[in-house]
2 protein chains.
Amino acid sequence: MSDMSIRSAYAGAVTSSPRWLTGPEQRAWQAYRRMTLLLNARISRELADDCGLSDPDYDVLSNLGESAERRCRVNELADRMLWSRSRLSHHLTRMQQRGLVSREHCADDGRGAVVVLTDAGLRKLEEAAAGHVEAVRRHFIDLLTPEEIDAFAGIGETVVTHLTDEGGAPA
Amino acid sequence: MSDMSIRSAYAGAVTSSPRWLTGPEQRAWQAYRRMTLLLNARISRELADDCGLSDPDYDVLSNLGESAERRCRVNELADRMLWSRSRLSHHLTRMQQRGLVSREHCADDGRGAVVVLTDAGLRKLEEAAAGHVEAVRRHFIDLLTPEEIDAFAGIGETVVTHLTDEGGAPA
DNA sequence: CCGCGATAGTTGACGTGTCACCGATGCACC
DNA sequence: GGTGCATCGGTGACACGTCAACTATCGCGG
């Protein structure tokens, strides 16, 4: 969804008018699209080059790392990460094959499973953390003034609140 | 990359200190991560439900729609979209199979290919555009004040400029 | 204790994105 | 007019994410 494209596509398509985006609005939307595309690509790439972890790998590891006993019910982990169960299950399978996590049966609930951060997983996480923080700083945080940081956080939270309240949570 | 996770992982991992994220900085980073996750998911989903197009499908269609003669060299299209050639090639193959675009040989350059928006592709684009704009408004633009819109655009552009200048462009 | 809907988690199929590599053409330089 | 390298674009293998379907267990009402 780049720049003028939506507008011209729309202009060609319709004769009456829903509320099209104004100039500043288009600018914000374009900035959003491009920023997320480039920033995610860049941070993922540095993480992968540094230590062979993908972005989702790091997410899982860091969430497990802060869990009590370095273990967590699959479902609870999915909720915390805003991931679908399916996505998490697939990803855990891949990470398990690489020895970063393991699965255990849950004593309390016969249906349940517990994911455990292995020692190898913890080492990987420790290896990755500092570099990841630096990347986030270098490509995002340090580019902004403190006022911009706060403004951005507020905007993001507004959007997140709207989406979670409106039933937009992942399956 | 959620909330406290990076911090605690880091705190467990290292004894000396690179510059960790402060509270407001963590808040901004978390807001960014969650906003992009939820907003992209939501807008993609509405687009898919409305007219069976994925987000990348719409990107390609709208870029082609604003091209002269509704056609474009593959390479130029990739550059405009900030996509890798490989990604675009794969996606064009899939869209071609669905009849949304077609490929032609380029007269000027024997290596080249030209992508053309088919009539079916144009109809799909027209069908999708209004709903897409409304979704962008409903879940993003209309949630923000004009001041926030401008601030956001400025922040996004700062980040994009930094990343493109630093050689972070996709392959 | 049985039936039955709800919940936990997994799986398979498929669309998507990346990486490494390839074949072909263009182009500059000798 | 050949040599050599860059560029154009495509392909195959694989990682990732979604959807729909499935199994197994839970827990409630009878």
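Naming convention: chains lettered A, B, ... in sequence-line order (proteins, then strands); numbering from 1 in each chain.
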* Asked: Of A/R27, A/R33, A/R34, which meets salt bridge (charged side-chain N to carboxylate O under 4.0 Å, His left out) against B/E157?
  -> A/R27

* Structure fact -> Between CG of B/L82 and C1' of C/dG17 the distance, given in whole Å, is 15 Å

* Structure fact -> Counting primed atoms, P, OP1 and OP2 as sugar-phosphate and everything else as base, the B/S/- map of nucleotides 8-15 of chain C against protein heavy atoms under 4.0 Å is SSBBBB--

* **Nucleotide C/dT16, atom P - distance to CG of B/L47 in whole Å** => 12 Å

* Asked: What residues, two or more places apart in sequence or in another chain, satisfy ring-ring contact (aromatic ring centres under 6.0 Å, His included) together with A/H91?
  -> A/W83

* Structure fact -> Applying side-chain hydrogen bond (donor to acceptor under 3.5 Å, both in side chains) to B/S67 and not counting sequence neighbours gives B/R80

* Contacts of A/D50 that satisfy side-chain contact (heavy atoms from CB on, under 4.5 Å) - sequence neighbours left out -> none

* Tell me: CD of B/E104 to C1' of D/dG9, nearest whole Å? -> 16 Å

* Could you check how far CG of B/D108 sits from C1' of C/dT25, rounded to whole Å? => 14 Å

* Asked: What residues form a side-chain contact (heavy atoms from CB on, under 4.5 Å) with A/T93, not counting sequence neighbours?
  -> A/Q97, A/R103

* How close or far is atom C1' of C/dA20 from atom CZ of B/R87, stated in whole angstroms? -> 18 Å

* Asked: Rounded to the Å, how far apart are B/R42 CZ and D/dG17 C1'?
  -> 18 Å

* How close or far is atom P of D/dT18 from atom CD of B/E46, stated in whole angstroms? -> 16 Å

* Nearest-Å distance for atom pair OH/P, residues A/Y58 and D/dC16 -> 17 Å

* Applying side-chain contact (heavy atoms from CB on, under 4.5 Å), name anything that partners B/A120, two or more places apart in sequence or on another chain. => B/T118, B/R123

